[in-house]
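Presented below is the structure to which this report refers.
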Protein chains: 2
Amino acid sequence: MAKATLKTLARATGYSITTVSRALGGFDDVNEETRQAILAEAYRQGYEPNLQARALQKKRSQTIGLVLPTGGPSFPDPFFGEFLSGVGSEAAQAGFDLLVSTASADLTEIDVYRRIVAGGRVDGVILMRSRVDDERIRYLLERHFPFAVFGRTDIMDEAYSYIDVDGRAGQAAMTRHLIDRGHERIAYMRPPATLMFSRFRQQGYREAMAEAGIAIDERLVVECDLTENAGKRQALRLLKLKQPPTAIMAGNDLMAIGVMNAVREMGLRVGEDVAVGGFDDIPAAEHLNPGLTTIRQPIFHIGQQLTERLLQLIEGSSVGELSTLVEPELILRGSSNPPQPDRQE
Amino acid sequence: MAKATLKTLARATGYSITTVSRALGGFDDVNEETRQAILAEAYRQGYEPNLQARALQKKRSQTIGLVLPTGGPSFPDPFFGEFLSGVGSEAAQAGFDLLVSTASADLTEIDVYRRIVAGGRVDGVILMRSRVDDERIRYLLERHFPFAVFGRTDIMDEAYSYIDVDGRAGQAAMTRHLIDRGHERIAYMRPPATLMFSRFRQQGYREAMAEAGIAIDERLVVECDLTENAGKRQALRLLKLKQPPTAIMAGNDLMAIGVMNAVREMGLRVGEDVAVGGFDDIPAAEHLNPGLTTIRQPIFHIGQQLTERLLQLIEGSSVGELSTLVEPELILRGSSNPPQPDRQE
DNA sequence: AGCCTAATCCAAAACGTTTCGGATGTCAAA
DNA sequence: TTTGACATCCGAAACGTTTTGGATTAGGCT
């Protein structure tokens, strides 16, 4: 049987395309009997509306876009799965699909945005990992295109919807915790400076240190990308310093895992010889050996919330709250046990 | 400035829509000077082709679909992230996008397939977690729609493209390994029987046991879904039996993590009092306490390969190999240390 | 002069849907 | 008998693109 379209239904039932369309659309200007006849025929032919044609005509694709940020291996990070899951669940509930794109060899990240946004493929987009002077945000603002961001930026010319975790407070809390445990040489492995959250977290670290009157040894502050490997490499460097840190805070849990491996590789014990802290609280964090002290971000929930707001923006209805700062939670586990008192050297 | 379309470009340059289209399309029946003029104007207006219109006309959406299977919390499983990552990377390279959908309250899984497949939203789909008498596969076969599956099925009326891991061999290898370590009471927590891989793996387990002449205590074979919680719950039940197992093999790593927690909760030591095995080798498996003995599936790679084949199917070109059975690798870690000899009771 | 070729351009149809603005017929009220 | 009002239906345009099948012109050849 050929493909079922409004035309084939019209022919089969003897009504016009208009009437068929309106019958299926549930309009009240079509006789109930007619509607039933049309519905029956539609069922018989296995009719499904062509979504491209509908999107073209309605200028709505019922799709929201998510472009995976480049730089770093990004995806395997469980963080993404959880976030995507939150976005997807909320979107599905509203009858929206998710278009997941990636930059490739011949298409840069911003090109992908242009393609799917200007190309009418999506009705709105969700951004993650906001960056300093974020060109994606500039582009979307300029086009007045609906979007919502996980993370703040320094582009504050206009108001837009974002949800961010208070990294400053979170990192400060962890730093204080480590200081309480008697640490003074606390290293901080910060994420790339182009990522906005890098700033805030570093700020929290510095504030807490200053608050306690501890001078920061700048050799203990190193930048590295968000992968496990980078975490391990940098940790090894730190631990080989003449005056190694007694505690290392990593920019995310993945890096923290690398740090823990490095510590072990140096023949030291995590949590006893060297305290380790992470950020995110990915599922694995709890099951590490020892458990990873980290800062929990409600990633799934943030994904949901962002999507909910994005959908409101798309509908054009007023958005409840435009931007939110979420208080993260410090999760204490074995990786930040106090150093053994007998370890003085 | 209004939205740029072929029409606006045509008006601005004085050429016809046809010529503009062909100029941008790189056809050789348009004068080079004209093409330059048109390109310049396109750039000036920031033209991006409307992808819905193009898809409508070409009957190609340059998109491949991925519907997240329901049943189980599925997504947070790191497995998905990795798979999606493989699919996405390969798709992006070919200029394809990914449409990720989920079943919702008012739309069952098969409805979603109908919608995006018959609705022309995607050019092909990737399935995962093949099921017994899989209705998704029946539907796609019936419509002659391009698809590729992670996992075999029992629907073998027609040939179609799949890649599967030899779960029988994998599970048998692990069972043998445990038997070598002196275990006899080996429990198996099998995934839901509707999932195809559940069969093969169980087969491997039974074969290896038979091979060693060990009778299976059927109370040690329990079914449970693929979540951490289910793993823990069932493990507790097993461990409370009058004759508890000395080894537990879980259907995936997530469940194995639950099992490990259960073991600890019972005051026993993982790997010493009770051996634990998983399946998948998710990234966290390596960092657990102790490391999880498991069977590695090259998930990312399988995602890539499936996508490559699907793209060939879509292009209509001949597919190199239609179906493949991948040999999994047994990864030995601390969770399957031999039970202490002094533990006889 | 007539014919052919090559280069360059374009009108119109088509993809499948939605929607605007009537058209038609019926029936009750004036 | 006219006039609305209502219920039901439909033609045609529009969304933005690609593609088919020429049309037009200029130049080279017989």
Side-chain angles (χ1 to χ4, degrees), chain A residues 1-39 41-42 45-63 114-123, chain B residues 1-39 41-42 45-63 114-123:
Chain A
M1 172 171 13
K3 183 94 146 224
T5 70
L6 289 185
K7 209 202 279 191
T8 66
L9 293 185
R11 237 194 274 290
T13 56
Y15 292 99
S16 73
I17 292 183
T18 305
T19 301
V20 173
S21 173
R22 312 213 99 217
L24 297 175
F27 287 76
D28 61 355
D29 65 347
V30 25
N31 185 291
E32 190 51 32
E33 271 176 52
T34 333
R35 182 202 312 291
Q36 289 309 328
I38 290 174
L39 282 178
E41 182 62 22
Q45 293 195 21
Y47 171 77
E48 289 284 339
N50 181 309
L51 299 170
Q52 320 281 357
R54 176 179 287 176
L56 174 59
Q57 148 70 31
K58 307 242 282 190
K59 293 160 170 304
R60 271 301 190 76
S61 60
Q62 298 285 107
T63 307
R114 253 194 281 275
R115 198 169 61 82
I116 67 174
V117 167
R121 259 227 73 202
V122 298
D123 297 332
Chain B
M1 175 167 20
K3 184 92 146 221
T5 70
L6 288 185
K7 209 203 278 192
T8 67
L9 293 184
R11 237 195 272 292
T13 57
Y15 292 100
S16 75
I17 291 183
T18 305
T19 301
V20 172
S21 172
R22 311 213 99 218
L24 296 175
F27 288 76
D28 63 355
D29 67 347
V30 25
N31 185 292
E32 189 51 31
E33 272 177 52
T34 337
R35 184 202 310 291
Q36 290 309 328
I38 290 174
L39 282 178
E41 181 63 21
Q45 293 195 22
Y47 171 77
E48 289 284 339
N50 182 309
L51 298 170
Q52 320 282 357
R54 176 178 288 175
L56 174 59
Q57 148 71 31
K58 306 243 281 193
K59 295 162 168 306
R60 272 297 191 77
S61 59
Q62 297 286 109
T63 307
R114 253 193 281 274
R115 198 170 61 82
I116 67 174
V117 167
R121 277 220 77 177
V122 298
D123 297 333

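Here is how names work: the chains are called A, B, and so on, in the same order as the sequence lines, proteins then strands, and each is numbered from 1.
- Side-chain nitrogen and oxygen atoms of B/N31 include at least one within less than 4.0 Å of the OP1 or OP2 phosphate oxygen of C/dT8.
- Looking at residues two or more places apart in sequence or on another chain, you find a side chain to side chain contact (heavy atoms under 4.5 Å, CB included) between B/I17 and B/L6, B/K7, B/A10.
- Of the inter-residue distances, the one linking B/K59 atom NZ with A/Q52 atom CD reads 10.5 Å to the nearest 0.5 angstrom.
- Applying the 6.0 Å contact sphere to CZ of B/R11 captures no more than 12 heavy atoms from other residues, nucleotides or ligands.
- Partners of B/R114 by salt bridge (charged side-chain N to carboxylate O under 4.0 Å, His left out), not counting sequence neighbours, listed by chain and number: B/D111.
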Within the sub-3.5 Å range, which N or O atoms of nucleotides 10-12 of chain C have a protein N or O partner, and how far apart are they?
unit_1	atom_1	unit_2	atom_2	d
C/dC10	OP2	B/S16	N	2.9
C/dC10	OP2	B/S16	OG	3.3
C/dC10	OP2	B/T19	OG1	2.8
C/dA11	N7	B/T18	OG1	3.1
C/dA11	N6	B/T18	OG1	2.8
C/dA12	N6	B/T18	OG1	3.3

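- Distance NZ (B/K7) to P (D/dG16): 7 Å, rounded to an integer number of Å.
- At whole-Å resolution of the value, CZ in A/F27 and P in D/dC6 are 20 Å apart.
- Atoms OG1 and CG, from B/T5 and B/N50 in turn, are 9.5 Å apart once rounded to the nearest 0.5 Å.
- Between the C1' atom of D/dG16 and the OH atom of B/Y47 lies a distance of 8 Å, rounded to the nearest Å.
- Atom CZ in A/R11 sits roughly 16 Å away from atom C1' in D/dC10 (whole-Å rounding).
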### Task
Starting at the 5' end of DNA chain D, write a dot or bracket for each base, bracketing those in Watson-Crick or G-U wobble pairs whose two distances are under 3.5 Å and using | for partners on another strand.
||||||||||||||||||||||||||||||
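- For A/T8, the side chain to side chain donor-acceptor pair (under 3.5 Å) partners two or more places apart in sequence, or in a different chain, are A/Q45.
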#### Entry: Full working for side-chain contact (heavy atoms from CB on, under 4.5 Å) between B/V30 and B/Y15
CA-CA 11 Å; B/V30 25; B/Y15 292 100; over 6 Å; no
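- Within residues 114-122 of chain A, no residue has a heavy atom under 4.0 Å from DNA chain C.
- A/E32 is linked by a side chain to side chain contact (heavy atoms under 4.5 Å, CB included) to A/R35, A/Q36, counting only residues two or more places apart in sequence or in another chain.
- Across all strands shown, A/S21 has heavy atoms under 4.0 Å from base atoms, whether or not it also approaches the sugar-phosphate.
- The separation between A/R35 atom CZ and D/dC9 atom C1' is 13 Å, rounded to whole Å.
- Note that CG of A/L9 is 12.0 Å distant from OG1 of A/T19, once rounded to the nearest 0.5 Å.
- When all heavy atoms of A/I38 and A/A23 are compared, the pair lying nearest together is CD1-CB, 3.7 Å.
- Distance, B/N50 CG to C/dT17 C1': 14 Å, rounded to whole Å.
- Residues from residues 54-63 of chain B placing a heavy atom under 4.0 Å of any atom in DNA chain D, listed by number, are B/R54, B/Q57, B/K58.
- Judged by distance alone, with hydrogens and angles left aside, the side-chain atoms of A/S61 form a donor-acceptor pair with the main-chain N or O of A/R121 at under 3.5 Å.
- When the side chain to side chain donor-acceptor pair (under 3.5 Å) test is applied to B/D28, no partner is found at least two apart in sequence or on another chain.
- For the atom pair CG (B/L51) and CG (A/L56), the distance works out to 11.0 Å, reported to the nearest 0.5 Å.
- Atom OG1 of A/T63 and atom CD1 of A/I116 lie 9.5 Å apart (nearest 0.5 Å).
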When you compare the protein's N or O atoms with those of nucleotides 24-27 of chain D, which come within less than 3.5 Å of each other, and at what distance?
none

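- For A/L9 and D/dC10, the CG to C1' distance is 16 Å, given to the nearest whole Å.
- Straight-line distance from the CG atom of A/D28 to the C1' atom of D/dC9: 13 Å, rounded to whole Å.
- By the salt bridge (charged side-chain N to carboxylate O under 4.0 Å, His left out) test, B/E48 is found to be paired with no residue, residues two or more places apart in sequence or in another chain being considered.
- The side chain to side chain donor-acceptor pair (under 3.5 Å) test applied to A/R54 returns no partner, not counting sequence neighbours.
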